[in-house]
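Take a look at the structure set out below.
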There are 2 protein chains.
Amino acid sequence: MQSQSDIRLTPQRQVILEELAKVKTHPTANEVYDMVRKRLPRIGLGTVYRNLELMADNGMILKLEVGGSQKRFDATTDLHYHIRCTRCGKVDDIELGAMPQLDQLAADTSDYQVLGHHIEFSGICKTCADNQAESATN
Amino acid sequence: MQSQSDIRLTPQRQVILEELAKVKTHPTANEVYDMVRKRLPRIGLGTVYRNLELMADNGMILKLEVGGSQKRFDATTDLHYHIRCTRCGKVDDIELGAMPQLDQLAADTSDYQVLGHHIEFSGICKTCADNQAESATN
DNA sequence: ATAAGAATAATACACATTATCATTCATTAA
DNA sequence: TTAATGAATGATAATGTGTATTATTCTTAT
Ligand SMILES: [Mn+2]
Ligand SMILES: [Mn+2]
Ligand SMILES: [Zn+2]
Ligand SMILES: [Zn+2]
């Protein structure tokens with residue numbers, strides 16, 4: 001028996017999922033495309049977009065709408081938070097305990113039906129900070 | 001005496017700032033353009049984009065990179081949080097006390113130089129919820 | 001094997017944002 | 001006051017991310 005939201009695991013979808021699960025970098029759709037193309041050279045970019053969107057709708061992966069101009073994807077679906085480097089755009093996980101109770105607080109103080117939340121920190125990553133220090137001493 | 005980051009308050013910039021301060025709706029650049037055009041019909045869309053970006057860089061306003069395809073702007077620069085309706089895209093403030101101490105926690109658990117954070121809740125706004133209830137009873 | 005439906009790949013399209021550049025405006029120094 | 005300089009603007013072109021379209025290919029059920 002299959003629930004209505006189960007999707008067929010086509011070869012394309014399988015590879016997209018596997019490649020996404022391999023990395024911790026929160027790649028963009030284009031980056032996933034590049035990763036997947038090494039295994040499926042004939043896959044279309046539209047297929048990658050379409051299926052990332054579909055899997056996100058099904059809760060199989062996370063679509064991160066963080067700062068910057070591109071959406072990013074995450075195979076880890078547990079509630080967790082992110083930090084984005086304002087220099088290079090890199091996104092990393094932040095090992096902070098999740099605070100699901102925030103949703104209730106938000107519901108209490110608004111007339112929205114609250115569905116969830118996300119915390120995005122911003123900062124300078126180690127690499128960019130080091131690069132800056134280096135060029136300052138030149 | 002002017003600090004280096006002070007910018008000249010051209011008529012265009014003044015009107016953009018005033019119109020943005022008038023609303024609580026977190027308008028997109030295009031929406032700001034429409035508001036401003038009523039007072040300055042000859043202003044260019046590029047000028048609006050350029051100056052919203054500039055003012056955000058100077059800390060005079062906030063650029064909200066929330067979910068959805070367009071960036072939004074906010075004349076209120078105090079640390080506060082937002083909720084976005086996943087149906088209609090509307091963005092409202094959430095009256096939750098700010099938690100600046102989160103930045104320190106994030107700094108402790110990462111090698112980033114943490115600059116700040118933002119919390120974005122998602123949910124269904126009153127209007128969209130009512131519309132849904134209405135069409136369900138048809 | 002055949003038919004029906006789902007998914008794919010190629011391509012065209014939409015649209016938000018940025019870049020370019022000639023013109024206009026503001027500021028400064030003769 | 002005027003001339004020179006640099007900054008800002010407005011018009012327009014260009015870029016890039018993401019979506020829509022559609023003919024073809026693949027699955028599944030009969
Ligand atoms: Mn993550
Ligand atoms: Mn706000
Ligand atoms: Zn970085
Ligand atoms: Zn709504």
Side-chain angles (χ1 to χ4, degrees), chain A residues 1-17 19-20 26-58 60-73 84 86 89 91, chain B residues 1-17 19-20 26-58 60-73 84 86 89 91:
Chain A
M1 152 200 173
Q2 297 217 135
S3 84
Q4 186 181 10
S5 65
D6 277 344
I7 65 174
R8 214 168 74 208
L9 212 58
T10 64
Q12 290 89 342
R13 286 173 186 162
Q14 201 164 330
V15 173
I16 289 171
L17 211 48
E19 292 300 312
L20 183 61
H26 311 89
T28 65
N30 242 297
E31 288 167 348
V32 172
Y33 178 53
D34 285 339
M35 291 152 58
V36 168
R37 231 177 348 168
K38 290 176 183 151
R39 291 173 59 187
L40 300 176
R42 307 215 20 126
I43 196 172
L45 177 59
T47 300
V48 175
Y49 269 102
R50 188 187 333 113
N51 286 319
L52 285 172
E53 187 71 27
L54 183 75
M55 295 181 199
D57 287 346
N58 272 271
M60 303 166 65
I61 64 173
L62 282 188
K63 176 166 63 163
L64 301 181
E65 313 204 17
V66 295
S69 52
Q70 293 169 74
K71 295 174 183 171
R72 292 174 174 275
F73 297 88
R84 181 175 55 94
T86 56
V91 173
Chain B
M1 155 202 170
Q2 300 217 134
S3 84
Q4 185 181 12
S5 64
D6 279 344
I7 64 173
R8 197 150 50 96
L9 209 59
T10 65
Q12 290 88 344
R13 285 173 187 163
Q14 202 166 329
V15 172
I16 289 171
L17 211 48
E19 292 300 312
L20 183 62
H26 311 91
T28 65
N30 241 296
E31 289 167 347
V32 172
Y33 178 53
D34 286 339
M35 293 152 56
V36 167
R37 236 179 344 168
K38 290 176 184 152
R39 291 173 58 186
L40 299 175
R42 306 217 19 128
I43 197 171
L45 177 59
T47 301
V48 174
Y49 270 101
R50 191 185 329 116
N51 285 319
L52 285 172
E53 186 72 26
L54 184 73
M55 294 180 201
D57 286 346
N58 270 270
M60 302 165 64
I61 65 174
L62 282 187
K63 176 166 64 167
L64 300 182
E65 314 205 17
V66 294
S69 53
Q70 293 168 74
K71 295 177 181 168
R72 293 176 173 274
F73 297 88
R84 181 174 56 93
T86 56
V91 173

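Naming: A, B, ... by sequence-line order, numbering from 1 per chain. The structure displayed is predicted, hence computed values, not measured ones.
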Would you say [N] has OP1 or OP2 under 4.0 Å from some side-chain N or O of [X]?
X: B:Arg42; N: D:dA11; value: yes
X: B:Tyr49; N: C:dT17; value: yes
X: B:Thr47; N: D:dG10; value: yes
X: B:Gln12; N: D:dG10; value: yes
X: A:Asn30; N: D:dG16; value: no

How long is the line joining [atom1] of [X] and [atom2] of [N], in whole Å?
X: B:Ile7; N: C:dC25; atom1: CD1; atom2: C1'; answer: 16 Å
X: B:Leu54; N: C:dT17; atom1: CG; atom2: P; answer: 17 Å
X: B:Leu40; N: D:dG10; atom1: CG; atom2: P; answer: 8 Å
X: A:Asn51; N: C:dA6; atom1: CG; atom2: P; answer: 15 Å
X: B:Asp57; N: C:dT18; atom1: CG; atom2: P; answer: 10 Å
X: A:Arg8; N: D:dT25; atom1: CZ; atom2: P; answer: 16 Å
X: B:Tyr33; N: D:dA11; atom1: OH; atom2: P; answer: 8 Å
X: A:Arg72; N: D:dT17; atom1: CZ; atom2: C1'; answer: 13 Å

Just call it for [X]: base, sugar-phosphate, or nothing, with non-hydrogen atoms closer than 4.0 Å on any strand.
X: A:Thr10; result: sugar-phosphate
X: A:Leu45; result: nothing
X: A:Arg50; result: base

> B:Ile43 has a side chain; which of D:dG10, C:dT17, C:dT8 sits nearest to it?
Replying inline: D:dG10
> Can you tell which of C:dT8, C:dT17, D:dT9 lies closest to the side chain of B:Arg13?
Replying inline: D:dT9
>> Testing the basics here: between A:Lys63 and A:Ala56, what is the closest heavy-atom pair and its distance to 0.1 Å?
In response: CB-CB, 3.9 Å
> Where do A:Val91 and A:His26 come nearest, in terms of heavy atoms and distance?
Replying inline: O-ND1, 3.0 Å
> Pick from A:Arg37, A:Lys38, A:Arg13, A:Arg39: which one makes a salt bridge (Lys or Arg N to Asp or Glu O under 4.0 Å) with A:Glu19?
Replying inline: A:Arg39
>> Test of understanding: with side chain to side chain contact (heavy atoms under 4.5 Å, CB included), list the residues that count as partners of B:Gln12, not counting sequence neighbours.
In response: B:Thr10, B:Leu40, B:Ile43, B:Thr47
>> Quick check against the 3.5 Å criterion: does B:Glu53 have a side-chain atom that pairs as donor or acceptor with the backbone of B:Arg50?
In response: no
